[in-house]
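Heads up, the thing below is written out as structure tokens.
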Amino acid sequence: MTTQEILTQAKEAKTALLLAGCERRNTALMKMADALLKPEHSVRILSENAKDLEDAKGTIPDVMLDRLLLTQERIQGMADGIREVAALADPVGKILAEVKRPNGLIIRKTAVPMGVVAIIYESRPNVTSDAAALAIKSGNVCVLRGGKEAWRTCHAIVEAMQIGLEEAGMPRLAVNLIEDTSRVSANELMTAEGYVDLLIPRGGKGLIRSCVEHATVPCIQTGTGICHIYVDNAADLEMAVRIINNAKTSRPSVCNAQEVCLVHEDVAEKFLPMLKQELCKKRAEEGKQPVELRLDSAAASIIEGTPAGEADFDTEFLDYILSVKIVDSVEEAIEHINAHSTGHSEAIITSDEKAAGQFTAAVDSAAVYVNASTRFTDGGVFGLGCEMGISTQKLHARGPMGLAELCTYKYVVSGDGQIRE
């Protein structure tokens, strides 16, 4: 089926979703979750995933293969995520504001679905179920366009969820997967005026830039995460090592992983050897991949590592690489972050409340942490069930995008015969 044919059918399914009540949408979600776990579907999903993995080996970095890999446990997690979304409060029809005018008119600002939401994403099959769940719960039709490296897996997942939709009496085409994985289909979605009400790209810097620059439909800028952690001169250094170890190594291929470490000059001589011991020497001794530290000249005078190039402080590595820079104050840390960050997630490690307050007020990112890992920037962790993506822009949505961000609003005005004089 061509992309245009899929978009046409998605648009036709929009009214059915708009009229479906919360109970019916929740039933559909539960059926979708059940379908993923049925042996005939889960076995096929894993089989198709094995084919995708085999083809991807050698074409994408090994650290990215983890994003692509599915296991029975991960499929269970996908189903659990759908059920968690079903349990959330219904965002559709919520009265955001209400006013009664002197003439008796009652004006209600009411949350309503966007309509047709298109998502372009890469290498992460679990996005398929997360996006579909959030779309259905919020009364939207979703059009999914996965990457070619995961297409077989995504197709098997979508077919299972479509069976669940049909079992619940909902239109199968409430969830759609684009068959063409070339750039042509991405361009078609970007310019599908009258068919796509919201476009959400989830992927690398190139994909997001392309969507933002070329989309003629409303588009949310998401994802790219050059995340910083600043170790203040009032930091608990053992806490800082523990947090940075988590933020860098727990899952380096995701957008909330740390990419840059800023260290106050007053604690650098003590802290940097501690950091190198944890991220490099200890990991090597444990048979784990050590982190490559890319050091500015000041840091390189304290510990050994790779000299940092100019681009290293503007790169989302998504790998076991960490850029390190020494700064002379919280002000310099803030200045560096606001100059180099992508607006995703940043953290300060400090026991100084004044420094923490200054940092959280001045750092211009979607999520700002005090004494915690950047890895918490996630829809599930934030209580949203799951997420459609992490918005790094400011208008309409910012940070993890859940149900509320998939709704717009309309004004519903009730009267009893009023006319305007």
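All heavy atoms count here, side chains included; hydrogens, waters and symmetry mates do not.
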Aromatic plane relationship, Y369 with F376 - under 30° parallel, 30 to 60° tilted, over 60° perpendicular: tilted

Salt bridge (charged side-chain N to carboxylate O under 4.0 Å, His left out) between R294 and D314, intermediate numbers included: CA-CA 12 Å; R294 297 192 178 176; D314 293 291; over 6 Å; no

Closest non-hydrogen atom pair between I226 and E346, with its separation: O-OE1, 3.8 Å

Atom CD of E335: over 12 foreign heavy atoms under 6.0 Å: no

Check: K137/N26 side-chain N/O donor and acceptor closer than 3.5 Å: yes

Side chain to side chain contact (heavy atoms under 4.5 Å, CB included) partner of E332, the single match among L262, I326, I337, V327: V327

Pairwise side-chain contact, M401 with E387, heavy-atom cut-off 4.5 Å (strictly under): no

SB check K148 D52 (cutoff 4.0 Å): no

Geometric class of the Y411/Y409 ring pair [parallel <30°, tilted 30-60°, perpendicular >60°]: perpendicular

Nearest-0.5 Å distance that lies between atom CG in L237 and atom CG in L275: 10.5 Å

Electrostatic pair D90:R25 at N-O distance under 4.0 angstrom: yes

Salt bridge flag under 4.0 Å for residues D34 and K31: no

Nearest-0.5 Å distance, OG of residue S129 to CG of residue L29: 11.0 Å

Residue pair R283, E278: steps toward the salt bridge (charged side-chain N to carboxylate O under 4.0 Å, His left out) verdict: CA-CA 7 Å; R283 287 183 61 82; E278 185 71 21; over 6 Å; no

Beyond-backbone contact of L295 with S301, side-chain heavy atoms, under 4.5 angstrom: no

Mutual orientation of the aromatic rings belonging to Y230 and F359 [parallel < 30°, tilted 30-60°, perpendicular > 60°]: parallel

Pairwise distance SG(C261) to CG(L272) - rounded to 0.5 angstrom: 7.0 Å

Pairwise distance CG(L7) to CD1(I178) - rounded to 0.5 angstrom: 5.5 Å

Lys/Arg N to Asp/Glu carboxylate O, E48 vs K51, below 4.0 Å: yes

Pair K325 + D312: basic N to acidic O under 4.0 Å: no

Validation row: D197, N140 side chains within 4.5 angstrom (heavy atoms): no

